[in-house]
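Structure first, then comments.
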Amino acid sequence: MRETRRALAETLSRIGSLIGDGQSRDDVLDVEQLSNESGVPRDVVRMLLEGEEPPAEDITDRIVRRIVHLRETRLRPDGTRHSYDEIAASYGASRASLSNLVNSRRKTPSPQTPSPQTPSGRALSQQVPSEQVPSQQTGERRPARSGGPLASTQAGIETFFFGQPNGWLSAEPRASLDNALQSVLHGLEGEAADPMARLRSTHGLRELAARAPQLAEEELQLVTDWIDTILQRRNAQRVRGTESDSSHTEGH
């Protein structure tokens, strides 16, 4: 698997190459949505999108924070949160064990991720088996295995929300964001393969009526590019006209 820093950079580069004229990356990347899908805080998402280094985070705190995030964003059909009783019972644990874990870590967050060489790092590795921790070099997301309190909790909660253990709770931020960006990338790739898709998404154009019964792919691309250029110019003129009207009104 690709090293996470390089993987994220390649994904963002590919997205940038597929963004249409007149659009910026901010037009296609919704920070709020990416945060919800990845479990990465909004400010960290913004940092990663700008190529900055995210703050260090204790992996146990990350897992607990994402447990809370899942409860707040993956709601029941009626819009209410899943209860700790419901979640814990799904993997044979008690409500008290899950709520105590969440509440204790939320009250005493660790400021940074301990080094594996430090005593605290060794203690953490006993709590969270290495099989469930993403590799620092590869960002590989491995399913949690039984053998420790957090390992079984992680596997049970991921199964409850996703259907199977998938490493979502413990994946490091770059890997999590890169995974969330794949749906954006696939959508842009689909638009690139379908010239009409860009007109539908950008301008709301629903259908293109052509005199010829069927245009060749190259001809359709030329036509859609031409239409896109015209619509962009029209929109720009509308914006300038609105600004001019506003300035005229303020002058009076």
Side-chain angles (χ1 to χ4, degrees), residues 8 11 15 26-46 48-49 57 59-107 109 128 132-134 139-146 148-191 194 197 200-202 204 206:
L8 179 59
T11 297
I15 288 174
D26 291 339
D27 294 324
V28 298
L29 297 184
D30 185 329
V31 170
E32 183 76 27
Q33 182 177 353
L34 289 172
S35 177
N36 286 342
E37 292 182 4
S38 66
V40 178
R42 290 187 295 274
D43 57 338
V44 178
V45 170
R46 294 189 184 96
L48 291 172
L49 292 177
E57 181 180 33
I59 191 170
T60 307
D61 291 338
R62 181 191 304 159
I63 291 172
V64 170
R65 179 177 54 74
R66 290 184 181 178
I67 292 172
V68 175
H69 177 84
L70 285 175
R71 286 193 69 228
E72 294 175 346
T73 59
R74 273 66 168 180
L75 304 175
R76 295 190 183 110
D78 63 0
T80 60
R81 292 183 296 181
H82 294 279
S83 66
Y84 283 127
D85 290 286
E86 181 183 4
I87 298 170
S90 72
Y91 59 95
S94 67
R95 178 195 183 282
S97 64
L98 179 55
S99 61
N100 288 342
L101 169 66
V102 171
N103 291 330
S104 64
R105 299 301 295 195
R106 294 178 78 179
K107 291 177 181 177
V128 187
Q132 71 165 319
V133 180
E140 183 178 359
R141 293 166 59 179
R142 304 168 185 165
R145 296 181 180 179
S146 59
L150 264 186
S152 60
T153 296
Q154 180 183 350
I157 292 174
E158 288 173 352
T159 299
F160 180 85
F161 284 100
F162 302 112
Q164 61 180 3
N166 60 3
W168 189 92
L169 288 172
S170 62
E172 66 105 5
R174 283 192 180 89
S176 297
L177 179 58
D178 184 56
N179 187 64
L181 285 167
Q182 295 309 304
S183 60
V184 178
L185 176 59
H186 295 158
L188 291 172
E189 289 175 335
E191 291 183 11
D194 177 8
R200 286 192 291 267
S201 63
T202 306
R206 293 178 296 177

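As the structure is a prediction and not an experimental result, all values here were calculated from the model.
Ring orientation note: the planes of H69 and W168 are close to parallel, at an angle under 30° on the 30°/60° scale.
The two residues P173 and V44 make their nearest non-hydrogen contact at CB-CG1, 4.4 Å. Between P41 and R65, the shortest heavy-atom distance links the atoms CD-NH1, 3.5 Å. Scanning both residues, I15 and V28, for their nearest heavy atoms gives CG2-CG2, 4.3 Å. Scanning all heavy atoms of the two residues, the minimum distance from V40 to S176 falls at CG2-CB, 3.8 Å. Scanning all heavy atoms of the two residues, the minimum distance from A93 to S97 falls at CB-OG, 3.8 Å.
To the nearest 0.5 angstrom, L8 atom CG is 7.5 Å from L49 atom CG. Here CG of L48 is found 9.5 Å from CG of D43. Values are rounded to the nearest 0.5 Å. Rounding to the nearest 0.5 Å places OG of S38 at 6.5 Å from CZ of R66. One distance of note links OG1 of T153 with CD1 of I67; it measures 6.5 Å at 0.5 Å rounding. With rounding to the nearest 0.5 Å, the separation of NE2 in H82 from CZ in F161 is 5.0 Å. Taken to the nearest 0.5 Å, the OG atom of S183 stands 7.5 Å off from the CG atom of L34.
For the pair R62 (side chain) and S170 (backbone), a donor-acceptor distance under 3.5 Å is present. The backbone N or O of A155 sits less than 3.5 Å from a side-chain atom of T159, completing a donor-acceptor pair.
Within the structure, every pair that satisfies the salt bridge (Lys or Arg N to Asp or Glu O under 4.0 Å) test and touches residues 68-84, not counting sequence neighbours, is listed here: R76-E86.
Residues I157 and I63 form no side-chain contact, since every pair of their non-hydrogen atoms from C-beta on lies 4.5 Å or further apart. The side-chain heavy atoms of V102 and Y84, taken from C-beta on, include a pair separated by under 4.5 Å. Between L169 and F162 the shortest side-chain heavy-atom distance does not fall below 4.5 Å. Using a 4.5 Å heavy-atom cutoff, the side chains of L29 and V45 are not in contact. Counting only heavy atoms from C-beta outward, the side chains of E57 and E172 never approach each other to under 4.5 Å.
A side-chain N or O of T11 and one of D178 form a donor-acceptor pair less than 3.5 Å apart.
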